[in-house]
Asker: 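Next up is a structure, given as structure tokens.
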There are 2 protein chains.
Amino acid sequence: MIERSPMETSEALDVLRTSSLSKVVQAEIEKIILSGTFGPGEKLNEKTLADQLGVSRGPVREAFQGLHARGLVEMIPNRGVFVQKISRHDAVAIYDVRAGLFGTACRLLAERITSDQAAELHALIAQMDVAGKRRDLDAYFPLNIAFHTAIVTGTDNRILAETYFGLVSRLQLFRARGLVHGGGFESSNIEHRAIVAALDARDPHAAFEAGFAHVQAGKARILASGDPPPGRT
Amino acid sequence: MIERSPMETSEALDVLRTSSLSKVVQAEIEKIILSGTFGPGEKLNEKTLADQLGVSRGPVREAFQGLHARGLVEMIPNRGVFVQKISRHDAVAIYDVRAGLFGTACRLLAERITSDQAAELHALIAQMDVAGKRRDLDAYFPLNIAFHTAIVTGTDNRILAETYFGLVSRLQLFRARGLVHGGGFESSNIEHRAIVAALDARDPHAAFEAGFAHVQAGKARILASGDPPPGRT
DNA sequence: GTATTGCATATTGTCAACAATTGGCAAAGA
DNA sequence: TCTTTGCCAATTGTTGACAATATGCAATAC
């Protein structure tokens, strides 16, 4: 048997390797939910979804269990599953946990950050500055996400990353209804600088505080832009 | 229709209300896994489990999805599901996240702790002191859990509690093989005092540090007692 | 006119059967 | 003796059918 380089493993094959139908279905339903097609509280019909995806109800039900464990849907026995409704109170709770988790990521990263990683963060901040000055939200947003992602994944802690991104997903559920909001990303980048400064100084203590404060400020920005549960465009 | 007091709702009925078979099965399998009956890496056979629980394979498969999302089992397509193996590296990662989460709980609690809550914590510490002096591990252990639980649930943050206890479950997986370890619970209670002191002072900053440090110390205690993956009685 | 009861429909919960894949074992070949 | 090939049993993946439960509507009683 010829030893093949791992690079040759086509993505399609790899997908088949790690995913049974339920996993594909789960990813698909998650995409649908997070895209906001269904709106919080809306019911997900098993058969309808199964038919749409061209599979039987079994895999759909299995996918539901995974989505439920991740807090994306609510399951009521003999009634069905519904897109999880995130109350304002819940959103605050999630933000608080996310703040603690992101602060922790900053703290852990401060103890092990490499110069390459630091350079990447500095570069992202510079780019965000440019986008910010141009008021270019479409450019700023992905950079912002990249910044947070770089910090969280930079800790090389898979559990932390999974948990963090899980919370982010649930938050996306909260502001699924529009609300791109972009309010005050000038201050946001100032906070970014504070984080990187603490990281550069290898100061875990300050890094946590800066990371925690940044997410809390984000929470305040979102909540301030007020959105009572059902729409108000 | 007579309006019944919510108190009358028998627990049995409530169970039926919130749980389909899959949920019961999931809880049952989780109990089996955490009891250590199966050992990390061991395979869980669908049909065998289904027969043992007196149900069909469907609910078992659904339960597996939930357990997978919670990180308790590993699923390999066309091969089956296995009790999740927690490497030393993973355990460290989980402990770090748990530390951040527990520290966050302390921080959040510091901002809202009531005198009743503080009194409860003081009482638990006193009891732990007694148990500690008597070297009574069987008494100390549940008190220790109660202390942590009181802090985490005291924040009234459901997301935080769910996430935290999820991590604790996964850690139980790591030390499922015996390892009651009890090493140095004298120092442990000293750390508890530091946490409560910060809470009494309503100092979020210090509370986080104390909580974070406490879990990290616990991590060090566990890891120091060294346990290479496969047993060593 | 309002509330209640009973039925028809739709949807979920569970199961058992079928299809597909895997791993092990024995036989054949080098 | 070691490797390879081809089968067989076991297990997983998926499906469609059946049972149980909830929802909506109409008819009836008050």
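Quick note on labels: first sequence line is chain A, next is B, and so on, each numbered from 1.
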Asker: Choose from dT15(D), dT14(C), dG13(D) the nucleotide whose nearest atom is closest to any side-chain atom of Val55(A).
Answerer: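 So the nucleotide nearest the side chain must be dT15(D).
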Asker: Under 4.0 Å between a side-chain nitrogen and a carboxylate oxygen: does that hold for Glu30(A) and Arg70(A)?
Answerer: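 A salt bridge links Glu30(A) with Arg70(A).
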Asker: Roughly, in whole Å, what's the span from CZ in Phe82(B) to C1' in dT22(C)?
Answerer: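 Whole-Å distance recorded here is 11 Å.
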Asker: Rounded to whole Å, how long is the line connecting atom NZ of Lys47(B) with atom C1' of dT12(D)?
Answerer: 13 Å
Asker: In whole Å, what is the span from the CD1 atom of Ile76(B) to the P atom of dT12(D)?
Answerer: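 It is 12 Å, rounded to the nearest whole Å.
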Asker: Report which part of the nucleic acid Gly58(B) touches: base, sugar-phosphate, or nothing (heavy-atom distance under 4.0 Å, all strands).
Answerer: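 No contact.
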Asker: Return whichever of Ser56(A) or Gly80(B) has its heavy-atom-nearest nucleotide of DNA chain D closer to the 5' end.
Answerer: Gly80(B)
Asker: Look at the side chain of Arg57(A) and decide which nucleotide, out of dG13(D), dG16(D), dT12(C), has an atom nearest to it.
Answerer: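 Minimum distance to the Arg57(A) side chain belongs to dT12(C).
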Asker: Starting at atom CG of Asn45(A), determine the distance to atom P of dG13(C), rounded to an integer number of angstrom.
Answerer: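 Rounded to the whole Å, the gap is 11 Å.
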Asker: Starting at atom NZ of Lys23(A), determine the distance to atom P of dT14(D), rounded to an integer number of angstrom.
Answerer: 11 Å
Asker: For the pair made of CZ in Arg61(B) and P in dT11(D), what is the distance, rounded to whole Å?
Answerer: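 In whole Å, dT11(D) P and Arg61(B) CZ are 15 Å from each other.
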Asker: Flag the pair Phe208(A) / Phe208(B) as yes when their ring centroid distance falls below 6.0 Å, and as no otherwise.
Answerer: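 Distance test on ring centres: under 6.0 Å, yes.
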Asker: Describe the nucleic acid contact of Arg79(B) in one word from base, sugar-phosphate, nothing, applying a heavy-atom distance below 4.0 Å.
Answerer: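 Sugar-phosphate: the residue Arg79(B), judged by heavy atoms under 4.0 Å, touches backbone atoms but no base.
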Asker: Decide, yes or no, whether a salt bridge links Arg61(B) with Glu46(B) under the criterion of side-chain N to carboxylate O below 4.0 Å.
Answerer: yes
Asker: Does dT11(C) have OP1 or OP2 under 4.0 Å away from a side-chain N or O of Lys43(A)?
Answerer: no
Asker: Whole-Å distance between dT12(C) P and Asp51(A) CG?
Answerer: 12 Å
Asker: Atom CG of Leu44(B) and atom P of dT11(D): how far apart are they, to the nearest Å?
Answerer: 13 Å
Asker: Given side chain to side chain donor-acceptor pair (under 3.5 Å), test Asp90(B) with Ser87(B) step by step and report yes or no.
Answerer: CA-CA 5 Å; Asp90(B) 287 337; Ser87(B) 69; 3.3 Å; yes
Asker: Can a salt bridge be assigned to the pair Asp96(A) and Lys219(A) using a cut-off of 4.0 Å between side-chain N and carboxylate O?
Answerer: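 Salt bridge: yes.
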